[in-house]
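Encoded as structure tokens, the structure appears first; notes follow it.
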Amino acid sequence: MANKHLCILLFFLSISFLSITTVLSRSLSKSMPFGVLSDGVRPHRNPQHIVLNPLSVVVDAELPLCKQTYGFMPCSTTALGNLFLIIVYGYLIFMAAKYLTNGSELLELLGPGILRNIDLPKLGGLPSAMLILASGLFETKEIAQSQISVGMGLLAGSSILLTTLVWGSCVVIGKRNNTRFSLTEIGVKTDIWTCDSARVMVISVIPFIVVQITRILNSSSGKHLAVLIALIVSVLIFIAYSIYQVFHPWIKKRRLAYAKQNLLMSGFLKHLRKHALGRLLNDRGEPDKDVIKKLFDRIDENEDGELSHGELKALIIGIKFDETNLDKDDAADKLLEDFDYSLDNQINFEEFYQGISKWLNEVNRGKRSGDPGSQTEKLLGDFHEQTKREHDLLGADDQSDLVVENPKWTSFKAYSMLVIGTIISTAFANPLKDTVINFSNATTIPSFFISFVALPLATKLSDVIPILIYASRKSEESASLTFNELYRTVSVNNVIQLSVFLAVVYIRGLRWEFSSEVLVILIVCVVMGGFASFRTTFPFWTSLVAYILYPFSLALIYVLDYVFGCP
């Protein structure tokens, strides 16, 4: 605790020292004898002022002083001074995002009913939105036009960082076999829902395609209209995404229930075929009633002519379902539901025969060729393997809702985090933007590239750390959660941040000069999202592709903007 207080004290002392830009010194005269100093009591006609510029030995009188945000925030005209301020302000923005993300997650636990199903963007994205607003909303139109590239750098850098460096790191960290190195060896494996999330990420770049219409328009009014259309499309996609999140858990549960039903059916029939004293289907392809009767009698342990819930459960326990985690009571209930036509919680032979016949017809549908009876075992084996793969791809079922022990305290804590995070992000977004501009002036590096590299680290690190922690657990379930969250974050980043950016450009009437940046976002998101939309296993070499795309995107933007001069 003492170290924490000391760090806080040193931090505020550093800020205080940086805020001092001019001091009044005791005057020295060349005519004074050596070693004699002014006592500072007698006033000097022309007092000398020392302008603090510790990283420059000589102060250039023609060098313009840096602009102090709000009139008192520290600033610098040197590269190292601005680099230090970027680190300080970036850390504060990171803390704001962390507070907002944690507060949003606590509110999700308290959210009732349908709100839990809406995977709305966490308020951790507020600092990014504030930085975009600061880059183009709080200055004159001419200054805003020159500074809006900071917001585009943040937008492009965030999406590309997540889909390249972070994506590749998830494959490396989540690699399940660390005993040997092989580029072709499977690094991670996910469930089928990650494919859906990747497709949503690809869909989220549609507004980027729409805004590219400005490339073929010559009039400023036409380009302005294209920006408005892209803004409307972006907002509509966000609304559609929110609605999709409402229905997505229900769709997932229904598909998983269907997969479990197929797995139960295939495993049950495969077990019966293995223990049957003959073929389940005769030469005509019809269920063999005598064979099925013998199976029924074997299951009917008390020989009362009825199969009870307990007898069905005992049968299911004996099947084992290839060690698949299938709830035995739930499976017995499904058997009763499918076979018990009289609804008396018992299954007689006629009901058993009709149920088996229905399931066998389901397996053999569209596959009748040759001798159906002799092919039954192969058909059942193939069907069982197919249903098992489908079940595995769908992953585990959703867990029950968490119970919050102290909802009042949790609610207070959540809202406190949201308030603190909002205040910090609002207060320091503009100073961080000004520091990026000052650093750009001091180094002659375009502000876009500075914000592309630096600002996503400040605004997205609170999202990246949990993603990498999940990936390190090295299981299929954790990998699925990791990539689902990664794709969700990129989707929200594309839609929300682009909406804010387009709104600023449209409201201020700024020129659209970011076609190359938008093109690079399109390429990276479509390549990585399209690749992940149709596969659930990712070899180790895919991480290298993701890593290479990051410097490739920077180089492509530089070539398009500064070599070919694309607007």
If the condition is ring-ring contact (aromatic ring centres under 6.0 Å, His included), which residues does [X] pass it with, not counting sequence neighbours?
| X | answer |
| --- | --- |
| F452 | F448, Y550 |
| F449 | none |
| F552 | none |

Apply side chain to side chain donor-acceptor pair (under 3.5 Å) to residues N82 and T435 and explain how you reach the verdict.
CA-CA 6 Å; N82 281 295; T435 303; 4.9 Å; no

Do we get R488 above F483's six-membered ring, with its NZ or CZ under 6.0 Å from the centre and within 45° of the axis?
no

Just say parallel, tilted or perpendicular for the rings of H224 and Y506, cut-offs at 30° and 60°.
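If you compare the ring of H224 with that of Y506, the planes turn out parallel.
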
Fit a plane to each ring of F531 and F538, take the angle between them on a 0 to 90° scale, and name the class: parallel (under 30°), tilted (30 to 60°) or perpendicular (over 60°).
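Rings of F531 and F538: tilted, as their planes differ by 30° to 60°.
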
Residues that N438 engages under side chain to side chain donor-acceptor pair (under 3.5 Å), provided they are two or more places apart
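Scan of N438 (side chain to side chain donor-acceptor pair (under 3.5 Å), adjacent residues dropped) gives none.
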
In chain order, what residues pass the side chain to side chain contact (heavy atoms under 4.5 Å, CB included) check against P456, with sequence neighbours excluded?
L154, S158, L161

Side chain to side chain contact (heavy atoms under 4.5 Å, CB included) filter on S416, not counting sequence neighbours, yields F412

If we count only N and O atoms by modelled type, under 3.5 Å, do the side chains of T69 and N430 hold a donor and an acceptor together?
no

Decide whether S149 and S447 meet the rule of one side-chain donor and one side-chain acceptor closer than 3.5 Å.
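Yes, a side-chain donor-acceptor pair sits under 3.5 Å.
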
Is any NZ, NE, NH1 or NH2 atom of the basic residue among R508 and E139 found under 4.0 Å from an Asp or Glu carboxylate oxygen of the other?
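No, this pair does not count.
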
Crowding at OH, Y70 (>12 non-hydrogen neighbours, <6.0 Å):
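Yes, OH of Y70 has more than 12 neighbouring heavy atoms, counting only those of other groups under 6.0 Å.
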
Counting neighbours of CZ on F138 that are heavy atoms of other residues, nucleotides or ligands and sit closer than 6.0 Å, is the number greater than 12?
yes

Within the distance-only criterion (no hydrogens, no angle test), does the side chain of S425 pair as donor or acceptor with the backbone N or O of P127 below 3.5 angstrom?
no

